[in-house]
Protein chains: 2
Amino acid sequence: MLNSSLDRTFAALADPTRRAMVERLVQGPATVSELARPLPMSLPAAMLHLKVLEDSGLVTSEKNGRVRTCRIDPARLSLAERWVSERRQMWEARLDRLGAFLDETEETP
Amino acid sequence: MLNSSLDRTFAALADPTRRAMVERLVQGPATVSELARPLPMSLPAAMLHLKVLEDSGLVTSEKNGRVRTCRIDPARLSLAERWVSERRQMWEARLDRLGAFLDETEETP
DNA sequence: CTTATTGTCAAGCGTTTACTTAAGTATTTT
DNA sequence: AAAATACTTAAGTAAACGCTTGACAATAAG
């Protein structure tokens, strides 16, 4: 399905814990522990959130030795941004058409 | 909480049914039935989705007589758009700083 | 070799989500 | 007034989420 990646991306961003992780990762790569440390939950819980972010494609990671380094994928951020932006633009385009129609209609009152 | 509106907005957009409703509403206002008709589910189910959209603030509605008319609130679309956009920009800013640093470091090789 | 660090897997539990069908209310239309 | 329309509420169910604790790697450091 074409949209299921949008599903997962928006769902990933719907949680404050996961947005906090994104917020951290836009400053640069981080390990699993670094991401989990500030969070008010157990490490396994944090890893589940991380898994949601990875499944959405917003975050990628690679393991070297015993440490896994995570980084954000800005392309996925753009994907979500673009969907919203395009819909807002459609809405604006409709308003423009409506305005033009009204201008035409009320010529020489 | 300041962020719970972002929570609800992203959560609302995470579902294909609700995105389809948004997609419809950017073309202009619609009634509950008009929104529900194309969907492969019962009317009450569609109304639950609509409620999620309203709770998020993405959609508003008013009832005249027996028909409820729904319209989108583009400001809420912008809210989501802006959050994503700002984070993507933070990520880009970091890359810029990194580039500048590397340029400085490798002067006169 | 022993120990600490870093991450992972699994089982369990309570809450929330996404529907369903059935019944009911308010407003038009005939 | 009777019937159709448009929406709303309620009750119930199955699946998904978010978290916990506990046990268990694998790697690095002393």
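Just so we're on the same page: letters track the sequence lines, and every chain starts at 1. We use all heavy atoms of the structure for the numbers below, so side chains are in, but hydrogens, waters and symmetry mates are not. Quick caveat: nothing in here was measured; it's all calculated off a predicted structure.
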**OP:** Kindly indicate, with the supporting measurements, whether the criterion side-chain contact (heavy atoms from CB on, under 4.5 Å) is fulfilled by B:L58 and B:L13.
**Re:** CA-CA 9 Å; B:L58 279 167; B:L13 294 176; 3.8 Å; yes

Subject >> Shared hydrophobic cluster for B:M21 and B:V67 (ILVMFWY, side-chain gaps under 4.5 Å) >> reply: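 As far as the 4.5 Å side-chain criterion goes, B:V67 and B:M21 are not connected within one cluster.
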
Atom pairs, protein N/O to nucleotides 17-24 of chain C N/O, distance under 3.5 Å:
| from | atom 1 | to | atom 2 | distance (Å) |
| --- | --- | --- | --- | --- |
| C:dA18 | OP2 | B:R18 | NH1 | 3.4 |
| C:dC19 | OP2 | B:H49 | NE2 | 2.5 |
| C:dT20 | OP2 | B:S42 | N | 2.9 |
| C:dT20 | OP2 | B:S42 | OG | 2.6 |

In residues 37-53 of chain B, what donor-acceptor pairs under 3.5 Å come from side-chain atoms, sequence neighbours left out?
| from | atom 1 | to | atom 2 | distance (Å) |
| --- | --- | --- | --- | --- |
| B:S42 | OG | B:A45 | N | 3.3 |
| B:H49 | ND1 | B:R18 | NH1 | 3.2 |
| B:K51 | NZ | B:D55 | OD2 | 3.0 |

Please state how far atom [atom1] in [X] lies from atom [atom2] in [N], giving the value in whole angstrom units.
{"X": "A:K51", "N": "D:dA16", "atom1": "NZ", "atom2": "C1'", "result": "14 Å"}
{"X": "A:L39", "N": "D:dC19", "atom1": "CG", "atom2": "P", "result": "9 Å"}
{"X": "A:L50", "N": "D:dC19", "atom1": "CG", "atom2": "P", "result": "13 Å"}

Original post:
Salt bridge between B:R88 and B:E92, side-chain N to carboxylate O under 4.0 Å?
Top reply: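 So B:R88 pairs with B:E92 through a salt bridge.
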
Subject >> Salt-bridge contact B:R19-B:E23 (side-chain N to carboxylate O under 4.0 Å) >> reply: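 Salt bridge flag = no for B:E23 with B:R19.
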
Original post:
Is there a donor in the side chain of B:T9 and an acceptor in the side chain of B:R76, or the other way round, less than 3.5 Å apart?
Top reply: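 Note: B:T9 and B:R76 side chains miss the donor-acceptor criterion.
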
**OP:** Take A:L77 and A:I72 through the test side-chain contact (heavy atoms from CB on, under 4.5 Å) and record every step on the way to the result.
**Re:** CA-CA 9 Å; A:L77 280 181; A:I72 208 161; 4.1 Å; yes

Please write out the pairs of protein N or O atoms and N or O atoms of nucleotides 24-30 of chain D separated by less than 3.5 Å, giving the distance to one decimal.
| from | atom 1 | to | atom 2 | distance (Å) |
| --- | --- | --- | --- | --- |
| D:dT27 | O2 | A:R66 | NH1 | 3.0 |

**OP:** State, to 0.1 Å, how close A:P29 and A:E34 come at their nearest heavy-atom pair, and which atoms those are.
**Re:**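 Scanning both residues, the minimum pair turns out to be O-OE1, 4.5 Å.
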
